[in-house]
There are 2 protein chains.
Amino acid sequence: MDAIDLDGATPLYRQVADVLESRIAAGTYPPGRRVPSSRNLADEFGVSRRTVVAALEILHEKGLVHGVVGRGTFVVETDD
Amino acid sequence: MDAIDLDGATPLYRQVADVLESRIAAGTYPPGRRVPSSRNLADEFGVSRRTVVAALEILHEKGLVHGVVGRGTFVVETDD
DNA sequence: TTCGATTTGTTCGTATGTATA
DNA sequence: CTATACATACGAACAAATCGA
């Protein structure tokens, strides 16, 4: 269920980032396609939108996703 | 270079406030214009964002700056 | 072309918990 | 016990870009 542990030692934004990274690896969010909006993800995980944005920043640094203002955040297409 | 002295007796947030006040006085941050974001300043000085916010609170109490949510912190225009 | 809704990204201000001296 | 400092987290607000009616 990809639950978020509020009482855990690891920060929420890292937990969210881990879940999203798992979904990308599993193909739940396929390459080239858009991931749910930050608002949507915030609702799903029960965290603030700013926390989701922080999680997406991590994935962006890892080169996993690419955000486009006005359109959404997309899974980067890799050649592996 | 406006260095911050970690080993100094004066608190970090006061040191940061002093540097920012100097820059305002010097015109580095001119009246009516925006000062760098708290995140930016935190990176520059190597302190937490919360410490920069504390510094800006001092300048706000002195009537030197004025923060606007979602836009930034601006140098107050004086009539001297 | 104009308008409104949606989305990303950024900003301030605030609160909480933890650690340190 | 108090002051300082940090990391985390939230809420509200704003800008710019995009898209469709």
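By convention in this document, chain letters (A, B, ...) are assigned in the order of the sequence lines, proteins followed by strands, and residues within each chain are numbered from 1.
Note: CZ (A/F74) to C1' (D/dA17) measures 12 Å, nearest angstrom. Taking atom CG of A/L12 as the reference point, atom P of D/dT8 lies 10 Å away to the nearest angstrom. Protein atom NE2 of B/H66 is 17 Å distant from nucleotide atom P of C/dT11, rounded to whole Å. Rounded to an integer number of Å, the gap from CZ of A/R50 to P of C/dT14 is 18 Å. One can place CG of B/L56 at 11 Å from C1' of C/dG13, the figure rounded to the nearest angstrom. Distance, A/R34 CZ to D/dA17 C1': 14 Å, rounded to whole Å. One can place CZ of A/R71 at 24 Å from P of D/dA15, the figure rounded to the nearest angstrom. The interatomic distance linking A/L41 (CG) with C/dG9 (C1') rounds to 15 Å, in whole Å.
Base-pair partner of C/dT1: not found among the strands shown (Watson-Crick or G-U wobble, both distances under 3.5 Å).
The existence of a salt bridge linking A/R49 and A/E44 is excluded, since no basic side-chain nitrogen approaches an acidic carboxylate oxygen closer than 4.0 Å. Here A/R14 does not pair with A/E57 in a salt bridge; the nearest charged N to carboxylate O distance is not below 4.0 Å.
For the pair A/V75/A/V35, a side-chain contact is recorded, criterion being any heavy-atom separation below 4.5 Å from C-beta on. The closest side-chain heavy-atom distance from A/T73 to A/H66 is not below 4.5 Å. Considering only heavy atoms from C-beta on, B/V19 comes within 4.5 Å of B/F45 through its side chain.
Nearer the 5' end of DNA chain C, as judged by each residue's closest nucleotide, is the contact made by A/H60, out of A/H60 and B/R39. Along DNA chain D, the nucleotide closest to A/T51 and the one closest to B/R14 are compared, and the more 5′ of them pairs with B/R14. With the nearest nucleotide of DNA chain D identified for both B/G70 and A/S48, A/S48 has the one nearer the 5' end.
Here B/R49 does not reach the OP1 or OP2 of D/dC6: none of its side-chain N or O atoms lies under 4.0 Å away. Phosphate contact (OP1/OP2 of D/dA5, side-chain N/O of B/Y13, threshold under 4.0 Å): absent.
For B/V69, the listed nucleotide lying nearest its side chain is C/dT11; candidates were C/dT7, C/dT11, D/dC10. Side chain of A/E57, nearest nucleotide from D/dT8, C/dT10, D/dG11: C/dT10.
Across all strands, B/V53 comes closer than 4.0 Å to base atoms (heavy-atom distances).
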